Amino acid sequence: MAEPREVAQRLLLRRASAPRFHEGPQLRRRPRLAAGEPGDGAHELARRRRASVRPRRGVAPERRDVERVVGGRDEMERPAHERRLHDRPAPERARQGVAPERLQPRPERHVRRGHPLRLERGHALDRPGRTQACAAEEQLPEQERPVQLPERQDAHAAYAIRMAVRVRFAPSPTGMLHIGGVRTAVFNWLFARGEGGEFKLRIENTDTSREVAEAVEQIQESLRWLGLDWDGEHTFQLDRMDDCRDVATRLLEEGKAYEDDGAIRFRMPDTGTTAWDDVVRDRVEFPNEQLEDVVLVRSDGRPTYNFASPMEDVWDGITHVIRGDDHVSNTPKQINLIRAVGAEPPEYAHVPSVLGTDGKKLSKRHGAVSVEEFRADGYVPPALLNFLALLGWAPDGETTIMSPDELVARFSLERVQSSPAAFDFQKLDWMNGVYLRALPVDEYAHALVLHLGERGYDWDAELVRKAAPLVQEKIEKLSDFPAFAGFLFGDVSLDGHSLDSNVIAEAERALGAVEPFTAESIEQALRGLADRLGLKPREAFQPIRIAVTGSKVSPGLFESLELLGRERALERLSAARS
RNA sequence: GCCCCCAUCGACUAGCGGCCCAGGUCGCCACCCUUUCAAGGUGGUAGCGCGGGUUCGAAUCCCGCUGGGGGCACCA
């Protein structure tokens, strides 16, 4: 019978055994924003400059009046290229740069039946109606004519034809990579790879005070281990401080921002709404009057996240921002900022958070939460990846086991769930077991040796290798090995077990005579012994098992005995008698 | 407190108005296999949060409620 083990085996074999560590093709560098280089909109802006300082959102009770006065601007004509994009119906725009879904769902049972794992190219599946519900033209906030940014015009040109997708994963280096964050990274990576696009790694270290040394290396190590390769060098948000400040200065000059206590704040539009068609959440709208004037640059001169991040998205030519849904309320602010700077916002996809089994946000008390911990616990990358991908996404109602390649091939952003998902450790364990069992024995043995080495066990690698086949079917995590097969490497304790000393004595005698000392002949001898004593196999074997392994649960008795060797086996038996 | 979002078995999900007295997977239970434990096989358990609509027909559309989540920083 073709069983999941074989299934998973095929899945694994389709993939090179080593994770892809390469850094990907080097990107052609995009010219950076030539800051302080206002386009033809500058005059308009100057003309429309508003009172330079205004109270913060929600602070002044009389603010309504102020808004009335300030807010009543007339709508400007937009530049041609921009209109082109804006005037296209939203759903169509949402599809730009996204290849149609190319794959037919393939029921898993085909795999079970042992059919070759091949994804069929079929006609494009129609997209789910999500975005279609939002056909209404996006209501633009009233806004001044933006300053032109030449590089974004290039991007627009590409957009209009068919833009390759470019996404980014942007963790802040404040510690180990949280599994929820990694899931976001997984979605980004899956999407980018599936679309033949690029996946960039950006370190958002604007808040230097919280930066943790080592974290940057740690993050990269975790991603690499999981097999998430990024394109080009990773970048640091801090490196663009100067560019950000330049833009802020220009925004200041244009009256789009103002100073406030030494900081620079961006003036959000007062009326209208800011909206976008979120790939996972559909239409999202925010009344502009709710938007706070965000701080762009702190009084100490450092740009804030809400400023630096969208600017970098623009400079990097990010087409799709896929991030946690805790960012939704930042999005309208960032969209306004991006437009103020004359650029076109990317597509947004806000993925739901990951909860613990109790429905609360996943945290330490639920168990492992960082990639490092999962690694140390003996989970294997493709299993974790498979599991993470299925957290909030499913290709269909049937398929669960998918290799990294298959995940890439089948992933689609539109199918990610909009409600949060609970992290089920039991299911992860099961899935890890599936992948572990699917490994060719030698690879399995290798993984075991590596894992034990990492965990600080200095056990004989050769013996570990020999023990590997005995445990492969039986443990779900590599870290289960010591408890399960540790008796091969060290002394055992018989505390709490009372043994039938008669059986032990008989076994001692029988094993002393077995020749050769192999599983096969040991089995013969012990079965004969059971017969002689008139015992059922389990009745006879269990005391021996305990004497030899110190546990009621162990790998196969005969194989274990063989590996232990006659001498040590006899020692343990005689020790058990006294 | 204010704003926003979400809601199918215990968990992850399929479902896009009739194919659904709701399908798959994990878990759980039983049986089979069996030297223990697993693995594997077979069968089973369990769900559309509640209340109103719309419709010939609703898990699917609308409204309200309830429950859960997220956001409201010179954090990211």
Side-chain angles (χ1 to χ4, degrees), chain A residues 1 3-5 57-58 105 107-109 126 128-130 132-133 170-174 204-207 209-211 237 260-265 278 281-282 284-287 290 292 294-309 323-330 350 352-353 355 357 359-361 387 390-401 415 417-431 433-434 437 471-476 480 484 523 526-527 530 536-542 544-546 549 551-558 560:
Chain A
M1 294 247 149
E3 299 322 341
R5 164 166 187 167
R57 292 279 163 182
E108 185 144 81
R109 58 185 82 91
D126 224 341
R130 287 204 129 129
Q132 285 168 10
S172 54
T174 51
E204 305 217 312
N205 57 346
T206 315
D207 184 7
S209 63
R210 295 205 309 167
E211 185 163 350
Q237 196 158 70
D260 174 26
D261 263 336
I264 300 176
R265 282 184 186 274
D278 197 285
R281 307 172 77 117
D282 281 358
V284 182
E285 298 186 355
F286 280 83
Q290 275 172 22
E292 185 194 10
V294 287
V295 170
L296 262 27
V297 181
R298 300 176 174 94
S299 47
D300 67 1
R302 279 157 41 228
T304 60
Y305 158 80
N306 260 322
F307 181 38
S309 184
R323 57 177 23 164
D325 65 0
D326 47 330
H327 284 288
V328 289
S329 59
N330 289 327
H350 288 96
S353 43
L355 309 175
T357 344
K360 303 283 181 224
K361 200 163 186 172
F387 178 78
L390 252 23
L391 222 49
W393 172 79
D396 52 54
E398 318 292 315
T399 320
T400 56
I401 299 292
R415 285 187 69 93
Q417 208 80 9
S418 48
S419 50
F423 196 103
D424 183 354
F425 289 88
Q426 273 187 316
K427 188 164 184 175
L428 206 215
D429 286 353
W430 164 77
M431 195 170 276
V434 171
R437 273 175 255 124
V471 304
Q472 188 168 17
E473 289 281 324
K474 297 170 186 285
I475 64 180
E476 292 183 315
D480 292 337
F484 194 67
E523 176 167 5
L526 291 184
R527 285 194 188 281
K536 288 179 183 169
R538 62 170 302 158
E539 292 169 334
F541 299 162
Q542 206 59 351
I544 305 174
R545 182 191 312 281
I546 293 170
T549 71
S551 167
K552 288 192 276 192
V553 176
S554 81
L557 218 209
F558 319 123
S560 296

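Heavy atoms only: backbone and side chains are in, while hydrogens, waters and symmetry mates are out. As the structure is a computational prediction, the values presented were derived from the model and not from experiment.
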Enquirer: Find which nucleotide of RNA chain B each of Arg527(A) and Lys360(A) is nearest to by heavy atoms, and output the residue with the more 5' nucleotide.
Expert: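 That would be Arg527(A).
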Enquirer: On a whole-Å scale, what distance lies between the C1' atoms belonging to G71(B) and C65(B)?
Expert: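 Looking at atom C1' only, G71(B) and C65(B) are 23 Å apart.
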Enquirer: Ignoring hydrogens and angles, answer whether the base of U35(B) and the side-chain atoms of Arg545(A) contain a donor-acceptor pair closer than 3.5 Å.
Expert: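 A donor-acceptor contact between them is present.
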Enquirer: Using a 4.0 Å heavy-atom cut-off across all strands, classify Thr174(A) as base, sugar-phosphate, or nothing.
Expert: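 Here Thr174(A) touches no strand at all.
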Enquirer: Using the side-chain heavy atoms of Leu391(A), tell me which of these nucleotides is nearest: U36(B), G15(B), C12(B).
Expert: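 Nearest to the side chain of Leu391(A) among the choices is C12(B).
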Enquirer: For nucleotides C26(B) and G44(B), find the distance between their P atoms and express it as a whole number of Å.
Expert: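 Here C26(B) and G44(B) have their P atoms 15 Å from each other.
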Enquirer: How close or far is atom P of U35(B) from atom CD of Glu523(A), stated in whole angstroms?
Expert: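 Atom-to-atom, Glu523(A) to U35(B), this comes out as 8 Å.
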Enquirer: Could you tell me how far C31(B) sits from A58(B) if I compare only their C1' atoms? Round to whole Å.
Expert: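 Pairwise C1' distance, A58(B) against C31(B), rounds to 39 Å.
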Enquirer: Considering only NZ, NE, NH1 and NH2 on the basic side and carboxylate oxygens on the acidic side, decide whether Arg302(A) and Asp300(A) come within less than 4.0 Å.
Expert: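 Yes, charged N to carboxylate O under 4.0 Å.
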Enquirer: Determine: side-chain N/O of Gln417(A) to OP1/OP2 of A14(B), distance under 4.0 Å, yes or no.
Expert: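 Checking Gln417(A) against A14(B): at least one side-chain N or O falls below 4.0 Å of OP1 or OP2.
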Enquirer: How far, in whole Å, is A7(B) from G51(B) if one measures between their C1' atoms?
Expert: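 Approximately 15 Å lies between the C1' atom of G51(B) and that of A7(B).
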Enquirer: Under a 3.5 Å cut-off for both contacts, is G40(B) paired Watson-Crick or G-U wobble with anything, and if yes, with which nucleotide?
Expert: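 The base-pairing partner of G40(B), which may sit in any strand shown, is C32(B).
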Enquirer: Arg281(A) has an atom CZ; how far is it from atom P of C6(B), in whole Å?
Expert: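 Rounded to whole Å, this separation is 6 Å.
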Enquirer: Shortest non-hydrogen contact from Asp278(A) to His350(A)?
Expert: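 Reported closest heavy-atom pair: OD2-ND1, 2.5 Å.
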Enquirer: Look at the side chain of Lys536(A) and the base of U35(B), then say whether one donor and one acceptor between them are separated by less than 3.5 Å.
Expert: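 Under the 3.5 Å cut-off, the side chain and the base do not form any donor-acceptor pair.
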Enquirer: Base, sugar-phosphate or nothing for Gly556(A)? Non-hydrogen atoms, less than 4.0 Å.
Expert: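 Base contact.
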Enquirer: With rounding to the closest Å, how many angstrom separate the P atoms on G10(B) and U45(B)?
Expert: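 One P to the other, the span is 14 Å.
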Enquirer: Would you say the base of A76(B) and the side-chain of Asn330(A) have a donor-acceptor pair closer than 3.5 Å?
Expert: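 Present.
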Enquirer: Determine the contact category for Ala394(A): base if any of its heavy atoms lies under 4.0 Å from a base atom, sugar-phosphate if only primed atoms, P, OP1 or OP2 are that close, otherwise nothing.
Expert: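 Since only primed, P, OP1 and OP2 atoms lie under 4.0 Å of Ala394(A), the category is sugar-phosphate.
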Enquirer: Just how far, in rounded Å, is P of U35(B) from CD of Gln542(A)?
Expert: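 Rounding to the nearest Å, CD of Gln542(A) and P of U35(B) are 12 Å apart.
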Enquirer: Over 60° means perpendicular and under 30° means parallel, so classify the ring planes of His327(A) and Tyr305(A), tilted if in between.
Expert: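 Geometry flag for His327(A) against Tyr305(A): tilted rings.
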Enquirer: Which base, if any, makes a Watson-Crick or G-U wobble pair with G51(B), both distances under 3.5 Å?
Expert: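 Pairing partner: C63(B).
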Enquirer: Taking C12(B) as the reference, what is the distance to A38(B) when you measure between their C1' atoms (whole Å, please)?
Expert: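 Result for the C1' pair: 24 Å, nearest Å.
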Enquirer: Write down the atom of Val553(A), the atom of Arg545(A), and the distance for their closest heavy-atom approach.
Expert: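 Heavy-atom minimum between the residues: N-CD, 4.3 Å.
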Enquirer: For a quick check, tell me whether the side chain of Lys474(A) and the base of U36(B) share a donor-acceptor pair closer than 3.5 Å.
Expert: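 Yes, the side chain and the base share a sub-3.5 Å donor-acceptor pair.
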Enquirer: Does His327(A) stack onto the base of G71(B), taking stacking as ring centres under 5.5 Å apart and planes under 30° apart?
Expert: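 No, aromatic ring not over the base.
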Enquirer: Which nucleotide sits closest to the side chain of Glu473(A): C6(B), A39(B), A76(B)?
Expert: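 When the side chain of Glu473(A) is considered, A39(B) is the closest of C6(B), A39(B), A76(B).
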Enquirer: May I ask you to say what Leu557(A) touches in the nucleic acid, namely base, sugar-phosphate or nothing, with a heavy-atom cut-off under 4.0 Å?
Expert: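 The residue Leu557(A) makes base contact.
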Enquirer: Among A76(B), U35(B), C3(B), which is the nearest nucleotide to the side chain of Gln290(A)?
Expert: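 So the nucleotide nearest the side chain must be C3(B).
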Enquirer: Nearest of U25(B), C74(B), A38(B) to any side-chain atom of Thr400(A)?
Expert: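 In terms of side-chain proximity for Thr400(A), the closest of U25(B), C74(B), A38(B) is U25(B).
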Enquirer: Step by step, work out the ring-ring contact (aromatic ring centres under 6.0 Å, His included) result for Phe425(A) and Phe387(A).
Expert: CA-CA 10 Å; Phe425(A) 289 88; Phe387(A) 178 78; 8.1 Å; no
Enquirer: At their closest point, which heavy atom of Thr304(A) faces which heavy atom of Val295(A), and how far apart are they?
Expert: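 What the structure gives for the nearest pair is OG1-O, 2.6 Å.
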Enquirer: To the side chain of Phe484(A), which of A76(B), C37(B), C6(B) is closest?
Expert: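 Closest nucleotide to the Phe484(A) side chain: C37(B).
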Enquirer: Taking atom P of G70(B) as reference, at what distance in whole Å does atom CZ of Phe286(A) sit?
Expert: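 These atoms are roughly 15 Å apart.
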Enquirer: Touch check for Asp261(A), heavy atoms < 4.0 angstrom, all strands: base, sugar-phosphate only, or nothing?
Expert: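 Since a base atom lies under 4.0 Å of Asp261(A), the category is base.
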Enquirer: Mind checking Phe558(A) for me? I need base, sugar-phosphate or nothing, with any heavy atom below 4.0 Å counting as a touch.
Expert: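 Base, at least one base atom sits under 4.0 Å.
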Enquirer: Tell me the interatomic distance from Lys552(A), atom NZ, to A38(B), atom P, rounded to whole angstroms.
Expert: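 About 13 Å, once rounded to whole Å.
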Enquirer: Tell me: CZ of Arg323(A) to P of G70(B), nearest whole Å?
Expert: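 My rounded result for the distance is 17 Å.
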Enquirer: Roughly how far apart, to the nearest Å, are A73(B) and G27(B) at atom C1'?
Expert: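 These two C1' atoms come out 42 Å apart once rounded.
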Enquirer: Determine the interatomic distance between P on G23(B) and the same-named atom on C16(B); round to the nearest Å.
Expert: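 It works out to 14 Å between them.
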Enquirer: If you check every side-chain atom of Arg538(A), which of U35(B), G15(B), C75(B) has the closest atom?
Expert: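 So the side chain of Arg538(A) is nearest to U35(B).
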Enquirer: Tell me which nucleotide, if any, is Watson-Crick or G-U wobble paired with C2(B) when both distances must be under 3.5 Å.
Expert: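 Looking at the geometry, C2(B) pairs with G71(B).
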Enquirer: As a test of reading the structure: which of G40(B), C12(B), C6(B) is closest to the side chain of Arg437(A), going by heavy atoms?
Expert: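 So the nucleotide nearest the side chain must be G40(B).
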Enquirer: Between Glu539(A) (side chain) and Lys536(A) (backbone), is there a donor-acceptor pair under 3.5 Å?
Expert: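 Indeed, once roles are kept as given, a pair shorter than 3.5 Å links the two residues.
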Enquirer: To the nearest angstrom, how far is Arg415(A) atom CZ from A14(B) atom P?
Expert: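 About 6 Å, once rounded to whole Å.
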Enquirer: For Ala263(A), is there any backbone N or O sitting under 3.5 Å from a side-chain donor or acceptor partner on Arg298(A)?
Expert: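 It does not hold such a pair.
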Enquirer: Grab the CH2-C1' distance between Trp430(A) and G40(B) for me, whole Å please.
Expert: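 Whole-Å distance recorded here is 14 Å.
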Enquirer: By the 4.0 Å heavy-atom rule, please label Ser554(A) as base, sugar-phosphate, or nothing.
Expert: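 Base: the residue Ser554(A), judged by heavy atoms under 4.0 Å, touches a nucleobase.
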Enquirer: Nearest to the Ser419(A) side chain among A76(B), U13(B), C6(B), which nucleotide is it?
Expert: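 Selected nucleotide (nearest to the side chain): C6(B).
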Enquirer: Side chain of Arg265(A), heavy atoms from C-beta onward: which of C74(B), A76(B), G24(B) has the nearest atom to it?
Expert: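 Shortest atom-to-atom distance from the side chain points to C74(B).
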Enquirer: Side chain of Ala422(A), heavy atoms from C-beta onward: which of U35(B), A11(B), U13(B) has the nearest atom to it?
Expert: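 It is A11(B).
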Enquirer: Want to settle it: does Arg302(A) or Val553(A) sit nearer the 5' end of RNA chain B, counting the closest nucleotide to each?
Expert: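 Its nearest nucleotide being more 5', the pick is Val553(A).
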Enquirer: Quick one: does Ser299(A) reach the base of C74(B) with a side-chain donor-acceptor pair under 3.5 Å?
Expert: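 It does, because a donor-acceptor pair links the side chain of Ser299(A) to the base of C74(B) below 3.5 Å.
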Enquirer: Can any side-chain N or O of Thr549(A) pair as donor or acceptor with the backbone N or O of Ser551(A) at less than 3.5 Å?
Expert: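 Yes, the answer is positive, given that a donor and an acceptor are paired below the 3.5 Å cut-off.
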